[in-house]
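Structure first, commentary second.
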Amino acid sequence: MKNTQKYLPYPQMKMPDRKWPDNTITKAPIWCSVDLRDGNQALEVPMDLDQKLTFFRYLTDIGFKTIEVGFPAASPTDYEICRVLIEQDLIPEDVKIQVLTQSRDEIMEKTFESLVGVKKAVVHLYNSTSTLQREVVFHFDKQQTIDLAVYGAKKILELAAKYPETDWQFEYSPESYTGTEPDFAVEICNAVLDVWKPTPDHKVIINLPSTVEMSTPNIFADRIEYTCQRLKYRDCVEVSIHAHNDRGTAVATSELALLAGADRIEGTLFGNGERTGNCDIMNMALNLYSQGVDPELDFSEINRAISIYEKSTGMHVHPRHPYAGSLVYTAFSGSHQDAIRKGMDAMKNRTDGIWAVPYLPIDPMDVGRNYDPIIRINSQSGKGGVAYILEQNYGLYLPKPFQQSLGNLCTEISDSRHAELTSRTIYDIFMEHYTDLRAPLSLETFKETTLGPDDVTVDATIRWKGEEKQVEGRGNGVLAAFSHALEDLLGCHLEVMDYREHSMTYGTKARAISYIQLASEYGDITFGAGTSSNITKSSLRALVSAINNHFNSKN
């Protein structure tokens, strides 16, 4: 790109004694959803009243205690939702609604009119303070900007006094805080605080919005620590963050701001908002959860959150969206699948209750997902994933060399089809290519006779390339005896290198399945499986299947 000289780097903060890098988040912040206002104004088709009410009920259900419902003076729907929520008594006792206003008389008066009868509410005052906005949009100097904020703060006090039955909380935002000189941001916030004179029992909110995300998160954290150190009435102020996502780091910005002293986070579900969106509260809350911190928001039914969001906004959650996307608990890579499979097996033996599975930062069950789609098979997958699918869905436990053979076959089939293989398809491939194969060799009947310890004979009726034949053999077990019985007919020596069996119940009346790894005298390795309610018969069928794969591989 040729025009980098058009852009200036964001100024660094000189803070050699910064404290935030050594801090840890140990509790949830105060959350405020702005889905119904900031999120709603960014939609191509804004929500209607019914959609807003449905979304509001969901937000209260999952634990939000403060919800910004609109800008009542700017939108009839925003005004209407305030009246409906109040008049129909739809606001839970422990929930505050929040509304936005500018520092203009008619707007502030309309705002308080919309809130008549509310039990408790946050009135959020803002004005633009950034250098660019002052110079280009409003043509204000610093003092004029402060005067506007102070005027609005005084007017809000005056209007609130007319409604003493309401428990009011006030919030102020120096809008475009990221574009405002750090000292001026402190100065204007303190000027507003001097008007409101907060106390520990009546705290105010100073909201520091990353209206446009302009720097790396660490610089924003420096600014927050700097501001927190210089705010008046600090123990009477909730420092709030409203981060936008222009650089793609709104969640990181908000997390680092908590380390730097912030108390409160404003954002939206799934990050909806102007341009690239807001801080994604769901994402941030589950980040806390993954670190053992109670987020105090309940996302245990993540699919419900997705449904409400998509129906209300007309937008869709990306399949790779953190925690919520349809593919985030899914592995296609063979090495990832193998690690997940081993991790899930290891979890069965843990007694401390700690989740520890590679590639899965949280247990999908905790957000209402299940384990079925964790491993999915395509041409990038390997034996571990295929084995996991058969184990979890069909109770089949293939030996490792057998897993490799089936994994390679599934990779070839997926690649040739240019498609993912479903669990049922994988099962069908296993059954079709390895299990109870009957051509060119089939076992019709057999009789075993035990002559002594490690001494068995087998008399069998087989069909070889369509012709029925009788064979007889002797060995130290049924498999060895049957294998010896076939050597003259087949014209080669075949050795059973590995034999396993276990009970099974899925998809058949058979109660046992046997697995055979077979080696020819020329070093060729093939695999077969057999099923039957009789374990001896299942083992012989497995041997026949392996032999058939040996001869079929030559054709």
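Every value quoted in this text rests on a predicted model; they were computed, and no experiment measured them.
Under the side chain to side chain contact (heavy atoms under 4.5 Å, CB included) rule, Leu269 has a single partner from Val317, Asp35, Thr313, which is Asp35. Ile241 pairs with exactly one of Cys32, Ser210, Ser254 by the side chain to side chain contact (heavy atoms under 4.5 Å, CB included) rule, that one being Ser254. Of the candidates Gln470, Lys469, Glu468, Gln470 is the only one forming a side chain to side chain donor-acceptor pair (under 3.5 Å) with Thr461.
When side chains are defined from C-beta on, Asp38 counts as touching His242, because their heavy atoms get closer than 4.5 Å. Between Lys537 and Leu540 there is no side-chain heavy-atom pair separated by less than 4.5 Å. Residues Phe220 and Met214 are not in side-chain contact: their nearest non-hydrogen atoms beyond the backbone lie 4.5 Å or more apart. Looking at Ile547 and Leu437, their side chains never come closer than 4.5 Å, going by heavy atoms from C-beta outward.
Side-chain atoms of Asn548 come within 3.5 Å of backbone atoms of Leu441 as a donor-acceptor pair (strictly under, hydrogens ignored). A distance-only check finds no donor-acceptor pair linking the side chain of Arg541 to the backbone of Ser545 [under 3.5 Å]. Looking only at distances, no side-chain donor or acceptor of Thr249 sits under 3.5 Å from a matching main-chain atom of Thr253. Between the side chain of Asn549 and the backbone N or O of Thr526, no donor-acceptor pair lies under 3.5 Å. In this structure a side-chain-to-backbone donor-acceptor pair under 3.5 Å is missing from His244 to Glu213. For Asp455 (side chain) and Leu451 (main-chain N/O), no donor-acceptor pair under 3.5 Å exists by modelled atom type. In terms of modelled atom types and a separation under 3.5 Å, the side chain of Ser312 and the main chain of Tyr309 share no donor-acceptor contact.
At a threshold of 4.0 Å, the pair Lys342-Asp338 counts as salt-bridged, since one of the basic side-chain nitrogens sits closer than that to a carboxylate oxygen. Under a 4.0 Å N-O distance rule, the pair Glu68/Arg37 qualifies as a salt bridge. Arg304 and Asp61 are joined by a salt bridge, as a carboxylate oxygen and a charged side-chain nitrogen come within less than 4.0 angstrom of each other. Ionic pairing of Glu391 and Arg341 is present here: one or more N-O contacts between side-chain nitrogen and carboxylate oxygen are shorter than 4.0 angstrom. Using a 4.0 Å cut-off between charged side-chain N and carboxylate O, Arg417 and Asp415 make no salt bridge. With respect to Lys348 and Asp345, a salt bridge is recorded, a charged nitrogen being found less than 4.0 Å from a carboxylate O.
Within a 6.0 Å radius of CE in Met347, other residues, nucleotides and ligands contribute more than 12 heavy atoms. By the neighbour-count criterion of 12 heavy atoms within 6.0 Å, atom NE2 of His502 is densely surrounded, having more than that number from other residues, nucleotides or ligands. For Asp94, the CG atom counts as densely surrounded, since its 6.0 Å shell holds more than 12 non-hydrogen atoms of other residues, nucleotides or ligands. Tyr58 OH: more than 12 foreign heavy atoms inside a 6.0 Å radius.
In terms of heavy atoms, Asn207 sits closest to Ser240 at OD1-OG, 2.7 Å.
Under the side-chain hydrogen bond (donor to acceptor under 3.5 Å, both in side chains) criterion, Asn218 pairs with Thr216, not counting sequence neighbours. Under the side-chain hydrogen bond (donor to acceptor under 3.5 Å, both in side chains) criterion, Thr457 pairs with no residue, sequence neighbours left out.
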Under the side-chain hydrogen bond (donor to acceptor under 3.5 Å, both in side chains) rule, what do Tyr323 and Asn287 come out as? Steps first, then yes or no, please. CA-CA 9 Å; Tyr323 301 107; Asn287 282 355; 2.7 Å; yes
I'd like to know whether Ile516 forms a side-chain contact (heavy atoms from CB on, under 4.5 Å) with Leu479, so could you lay out the CA-CA distance, the side-chain angles of the two residues, the decisive distance to 0.1 Å, and finally the verdict. CA-CA 10 Å; Ile516 291 286; Leu479 277 176; 3.8 Å; yes
Residue pair Ser442, Glu444: steps toward the side-chain hydrogen bond (donor to acceptor under 3.5 Å, both in side chains) verdict: CA-CA 6 Å; Ser442 66; Glu444 303 300 320; 2.7 Å; yes
Assess the residue pair Trp355 and Ser290 against the criterion (side-chain contact (heavy atoms from CB on, under 4.5 Å)); give the C-alpha distance rounded to whole Å, side-chain angles, the decisive distance to 0.1 Å, and a yes or no. CA-CA 10 Å; Trp355 177 257; Ser290 74; over 6 Å; no
Take Met284 and Asp280 through the test side-chain contact (heavy atoms from CB on, under 4.5 Å) and record every step on the way to the result. CA-CA 6 Å; Met284 186 171 173; Asp280 182 344; over 6 Å; no
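Between the CG atom of Asn278 and the CG atom of Asn245 there is a distance of 8.5 Å, given to the nearest 0.5 Å. Remark: Arg511 CZ to Thr531 OG1 distance equals 13.0 Å, nearest 0.5 Å.
Between Tyr359 and His336, the angle of the ring planes stays under 30°, which puts this pair in the parallel group of the 30/60° scheme.
Pairs passing the ring pair (Phe, Tyr, Trp, His ring centres under 6.0 Å) check and including a residue from residues 433-482, sequence neighbours excluded, read Phe402-Tyr434, Trp464-Phe551.
Ring to ring, His318 and Phe270 are not that close: their centroids are 6.0 angstrom or more apart.
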